[in-house]
There are 2 protein chains.
Amino acid sequence: MYERKILPNLNCGLDLIGEVLYGKWKIRLLWFINEGYKRPSELQRKIPDTTRRVLNIQLKELEEHELVTRKIYPVVPPKVEYSLTEFGKTLIPVISALGKWGDENEEHLRTVILERLRQESRQDIVSV
Amino acid sequence: MYERKILPNLNCGLDLIGEVLYGKWKIRLLWFINEGYKRPSELQRKIPDTTRRVLNIQLKELEEHELVTRKIYPVVPPKVEYSLTEFGKTLIPVISALGKWGDENEEHLRTVILERLRQESRQDIVSV
DNA sequence: ACAATAGGGGAAAAATTTATCCCTATATGA
DNA sequence: TCATATAGGGATAAATTTTTCCCCTATTGT
């Protein structure tokens with residue numbers, strides 16, 4: 001595990017929520033768990049752009065922050081299911097609001113994001 | 001500038017909003033600009049935990065994503081003011097929802113976050 | 001002459017996060 | 001017997017972000 005050298009700011013609500021949601025796949029994990037995809041292999045299939053290893057790490061952090069629980073069934077082959085805690089469930093409307101804004105502004109967002117990426121590569125060509 | 005080697009996912013609304021909000025100080029910058037702190041030096045005073053350099057970089061990204069505009073006054077000493085674009089303003093209710101959830105759950109969040117940090121350092125002691 | 005204030009940025013280091021690689025174990029089906 | 005599916009983790013590399021350090025312009029006030 002990696003021990004932080006710079007302690008996070010925990011001054012206001014924005015700091016606090018940032019601390020538990022900051023992580024490339026965390027919001028998606030919460031979203032899919034809420035949709036009923038509970039098992040690690042299911043979640044991996046829903047999020048194929050990263051590996052199980054990475055998902056495990058982020059799931060563990062979500063668990064330590066008490067947003068999800070992990071239930072282990074003593075069967076073979078092993079079976080594990082994640083669920084949202086009551087606390088985690090209260091986050092769903094917030095995530096929903098994020099996704100809604102993104103969906104409503106999808107076209108514009110895609111444009112400005114891609115435009116910025118193009119600027120990056122252009123600068124790279126110039127500097128070489 | 002840094003050119004990405006891994007292209008971002010832009011599949012759904014959550015990916016898109018993540019792309020423009022992901023950045024340690026961006027949400028706070030948007031928030032304070034919305035509150036009327038427009039000049040770089042004012043923003044720096046509101047966010048003393050990082051340097052002007054870093055704020056400049058993140059402000060520039062926000063500008064490239066068309067969430068803020070930068071207005072330069074041709075005076076000496078120089079004067080610059082940031083404002084939210086109409087597009088940026090539509091994000092304020094979403095940020096507000098994030099902050100609200102964080103505030104409402106402040107106590108619990110602080111507990112679980114600090115607990116997790118303590119676990120990190122404990123493991124470090126053991127492994128040494 | 002010098003410091004302070006206003007604005008900015010390049011280069012490189014440090015911190016942090018994410019990805020990759022390779023390993024454990026058991027049962028089932030081909 | 002071998003591949004697949006289930007779940008997990010250590011070690012290390014790579015990517016990315018954030019920070020630090022030092023530099024620049026010009027004016028005003030001491």
Side-chain angles (χ1 to χ4, degrees), chain A residues 1-9 15 18-29 37-45 47-64 70-82 116-117 120-121 123-124 126-127, chain B residues 1-9 15 18-29 37-45 47-64 70-82 116-117 120-121 123-124 126-127:
Chain A
M1 200 179 294
Y2 178 82
E3 184 180 356
R4 295 189 183 211
K5 297 183 180 172
I6 298 175
L7 290 181
N9 300 82
D15 290 340
E19 196 57 25
V20 299
L21 285 190
Y22 220 75
K24 190 163 175 181
W25 312 101
K26 284 188 182 176
I27 290 182
R28 255 161 293 190
L29 284 169
Y37 301 92
K38 297 172 171 299
R39 302 182 67 179
S41 50
E42 290 175 326
L43 293 167
Q44 163 83 83
R45 277 190 285 272
I47 310 176
D49 295 306
T50 187
T51 59
R52 269 276 303 291
R53 178 88 176 99
V54 175
L55 294 182
N56 284 342
I57 292 171
Q58 305 223 343
L59 282 165
K60 190 170 182 186
E61 286 178 10
L62 291 173
E63 193 191 358
E64 288 171 343
R70 179 163 169 272
K71 184 169 181 184
I72 308 160
Y73 295 85
V75 294
V76 168
K79 178 176 174 181
V80 167
E81 280 186 356
Y82 289 94
R116 185 167 175 280
L117 290 176
E120 272 182 22
S121 24
Q123 295 218 353
D124 189 58
V126 173
S127 72
Chain B
M1 199 178 294
Y2 178 81
E3 184 178 358
R4 295 188 183 211
K5 298 183 181 173
I6 298 175
L7 290 182
N9 301 83
D15 290 340
E19 195 59 21
V20 299
L21 285 190
Y22 219 75
K24 190 164 175 181
W25 312 99
K26 283 189 182 176
I27 291 181
R28 253 159 296 188
L29 283 170
Y37 301 92
K38 297 172 171 298
R39 303 181 66 178
S41 50
E42 291 176 325
L43 293 167
Q44 163 83 81
R45 276 191 286 271
I47 310 175
D49 295 306
T50 187
T51 59
R52 269 272 304 291
R53 177 86 177 103
V54 176
L55 295 183
N56 284 342
I57 292 170
Q58 306 223 343
L59 283 165
K60 191 170 181 184
E61 287 178 11
L62 291 173
E63 194 192 356
E64 289 171 343
R70 179 163 169 269
K71 182 170 180 182
I72 308 161
Y73 294 84
V75 295
V76 168
K79 179 176 174 182
V80 167
E81 281 187 357
Y82 289 92
R116 185 166 176 280
L117 289 176
E120 273 182 22
S121 25
Q123 294 217 355
D124 189 60
V126 172
S127 70

Measuring to OP1 and OP2 of C:dA19, would you say a side-chain N or O of A:Lys24 lies under 4.0 angstrom away? yes
Any donor-acceptor pair, under 3.5 Å, between the side chain of A:Arg53 and the base of D:dG10, if you only look at N and O atoms? yes
Hey, which sits more toward the 5' end of DNA chain D by its nearest nucleotide, A:Ser41 or A:Ile6? A:Ser41
Heavy-atom nearest pair, B:Asp15 first then B:Asn9, reads CB-O, 3.1 Å
For B:Val54, report the nucleic acid contact type (base, sugar-phosphate, nothing); a contact means any heavy atom under 4.0 Å. base
Expressed in angstrom and rounded to an integer, what is the separation of A:Lys79 atom NZ from D:dT6 atom C1'? 11 Å
Taking all atoms of both residues into account, what is the closest heavy-atom pair of A:Pro40 and A:Val80, and its distance? CD-O, 3.3 Å
Could you work out which one of C:dA6, D:dG8, D:dT19 sits closest to the side chain of B:Thr50? D:dT19
Kindly give the heavy-atom pair with the smallest separation between B:Gln58 and B:Leu29, and that separation in Å. CB-CD1, 3.9 Å
Within this structure, what is the CD1-to-C1' distance between A:Ile57 and C:dT20, rounded to whole angstrom? 11 Å
In Å, rounded to the nearest 0.5 Å, how long is the span from CG of A:Asp49 to NZ of A:Lys24? 8.5 Å
Whole-Å distance, A:Gln58 CD to C:dT17 C1', equals 8 Å
Atom CD of B:Gln44 and atom P of C:dA6 are separated, to the nearest Å, by 11 Å
Given C:dA6, C:dA15, D:dA15, the nucleotide with the shortest approach to the side chain of A:Tyr2: C:dA15
Among D:dT6, C:dA6, D:dT20, which is the nearest nucleotide to the side chain of B:Pro77? C:dA6
Distance under 6.0 Å and angle within 45° of ring axis: B:Lys38 vs B:Tyr82: no
Report the distance from atom CG of A:Asn9 to atom C1' of D:dT18, rounded to the nearest whole Å. 13 Å
So which nucleotide from D:dA7, D:dT18, C:dA6 ends up closest to the side chain of A:Arg39? D:dA7
Consider the side chain of B:Arg4, meaning its heavy atoms from C-beta on, and name the nucleotide among C:dT16, C:dG7, D:dT17 that approaches it most closely. D:dT17
Round to a whole Å and report the spacing from CZ of A:Arg70 to C1' of D:dA7. 8 Å
Out of D:dT17, C:dT20, C:dT18, which nucleotide sits closest to the side chain of B:Tyr22? C:dT18
Using whole Å, what does the distance between atom P of nucleotide C:dG9 and atom CG of B:Leu55 come to? 13 Å
B:Pro40 side chain, from C-beta outward: closest of D:dT18, C:dG8, C:dT20: C:dG8
To the nearest angstrom, how far is A:Leu59 atom CG from C:dT18 atom P? 13 Å
